[in-house]
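Just so it is clear, the values below take in all heavy atoms, side chains as well, and ignore hydrogens, waters and symmetry mates. Naming convention: chains lettered A, B, ... in sequence-line order (proteins, then strands); numbering from 1 in each chain.
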Amino acid sequence: MQLVIGGAYSGKRTIVKQKSQSLCWISSYQGDRLDDWPQKWIPRTTLVLEGWEKWVAIEITHQQGDDIIREKFKVALKALKEEGLKRGEEIVLIMLETGRGIVPMTREDRRLRDLSGWLAQDAVEMSDEVFYIWHGLERRLK
Amino acid sequence: MITFISGGARSGKSSFAENMALTIFKKARKTKAYVQLLYIATAKRSDHEMVQRIDRHQNERAKYWKTIEEPHFISKVLLKANSEDVILIDCLTVWLSNMMFDLDFNVKQFIEAVDEWLRIVRHKGLSLIIVSNDLNEGLPQSNLLVNDYIFILESLHKRIVNEADYAVEVITGIPTYWKGEKR
């Protein structure tokens, strides 16, 4: 499992597209839900999951505590990793760096930023390779 | 030669860029007396505070630098420069706001403008150093104008970095070379 992380419009998607010919995208920007992947993952393709901050935002609206949400995502990451190993296929998580701006004005946005940061840390922990994207260039961090 | 330098606010990127420009200039000047060291200041003299800031910066640079205040038409300055001049633009984000708010440029026009700079630089053998700011690593903005601004800024960053011989990220004055060997 790989994690590709970087700021908005930094070129993450373009770099992921260069990594593999056959990619299966699960994207919150296209309306996909995180738990759509078991049905939508086409055999013999690399699974790409993008738009995690939107999935986190949805969880926040469900009135749950931070720890419960963080744990939910950890469980989801673990399930992904296990399925990837079982199938012998690669999984790429694309995440947005959101922690380097000013403190958000609203409590909801602050929670979103905190949870996105923790999620990224958990994803780094579980990923075999981590890449940081900066203005269209990539650097391997793990 | 094209160099892109970026980092956060007060990361020391401007000092780093000025030192780099000065080093390139001094080296070139040894053999070519016509080479100039130009500073393209993109900030406008909008109020008293800006006038003071601009004057202070210009005095600090007075010894070697020729400062040109140009908030909009960078290509004009590049076309007028002598071949092999060393030119610093500080900062791309200020120029972007000027163009967005004064001239209502769209993303296509921005890309064309920057492509033109890079073409002129290659054609005339200039050394261009562009300083910018990493503004895309905070929480996404629901404000459409801010979001557009970051989208265009990143489009230009990717364009410039792709063309650049050197791409440098500065954190607390310390450079990380993403492209090119450390000088």
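- Within a 6.0 Å radius of CZ in A:R107, no more than 12 heavy atoms belonging to other residues, nucleotides or ligands are found.
- Contact residues of residues 67-85 of chain B toward chain A are absent (heavy-atom distance under 4.5 Å).
- Under the 30°/60° scheme for interplanar angles, the aromatic rings of A:Y9 and B:F151 are found to stand perpendicular.
- A:L77 and A:W118 end up in the same hydrophobic cluster when Ile, Leu, Val, Met, Phe, Trp and Tyr side chains are linked at under 4.5 Å.
- The CH2 atom of A:W134 sits 13.5 Å away from the NZ atom of B:K158 when rounded to the nearest 0.5 Å.
- Between atom NE2 of residue A:H135 and atom NE2 of residue B:H157 there is a gap of 5.0 Å, rounded to the nearest 0.5 Å.
- The residue among A:S116, A:S10, A:G6 with the most heavy atom pairs within less than 4.5 Å of chain B is A:S10.
- Surrounding CD of A:E129 are more than 12 heavy atoms belonging to other residues, nucleotides or ligands, all under 6.0 Å away.
- Residue A:L96 touches chain B through its side chain alone, counting heavy-atom pairs closer than 4.5 Å.
- In terms of heavy-atom pairs under 4.5 angstrom with chain B, the leader among A:G11, A:G101, A:A8 is A:A8.
- Note on A:M95: it clusters hydrophobically with A:I69, by side-chain heavy-atom contacts below 4.5 Å among ILVMFWY residues.
- B:I87 and B:W65 are not part of a single hydrophobic cluster, where members link through side-chain heavy atoms under 4.5 Å apart.
- In the displayed structure, B:D47 atom CG is contacted under 6.0 Å by more than 12 heavy atoms of other residues, nucleotides or ligands.
- Counting heavy atoms of neighbouring residues, nucleotides and ligands inside a 6.0 Å radius, atom CZ of A:R111 exceeds 12 of them.
- Shortest non-hydrogen contact noted between B:E169 and A:Y132 is OE2-OH, 4.1 Å.
- Residue A:Q39 qualifies as enclosed at atom CD: its count of foreign heavy atoms under 6.0 Å is above 12.
- Nearest heavy-atom pair across B:W178 and A:E138 is CZ3-C, 3.6 Å.
- At most 12 heavy atoms of other shown residues, nucleotides or ligands fall within 6.0 angstrom of atom NZ in A:K78.
- A single hydrophobic cluster is seen to contain both A:W52 and A:M1, as judged by linkage of ILVMFWY side chains at heavy-atom distances under 4.5 Å, directly or through other members.
- Although no hydrogens or angles enter the test, the distance criterion places no donor-acceptor pair under 3.5 Å between the side chain of B:K179 and the main chain of A:L137.
- Inspection of non-hydrogen atoms places B:D134, B:N136 of residues 104-136 of chain B under 4.5 Å from chain A.
- For CD1 of A:I102, the number of neighbouring non-hydrogen atoms (other residues, nucleotides, ligands) closer than 6.0 Å is 12 at most.
- No path of Ile, Leu, Val, Met, Phe, Trp and Tyr side chains, each step under 4.5 Å between heavy atoms, connects A:W55 with A:V4, placing them in separate hydrophobic clusters.
- Residue B:K66 places its NZ atom among 12 or fewer non-hydrogen atoms of other residues, nucleotides or ligands, all under 6.0 Å distant.
- For the options B:L153, B:N162, B:N147, heavy-atom pairs under 4.5 Å to chain A are most numerous at B:N147.
- With values rounded to the nearest 0.5 angstrom, B:L139 atom CG is found 10.5 Å from A:E97 atom CD.
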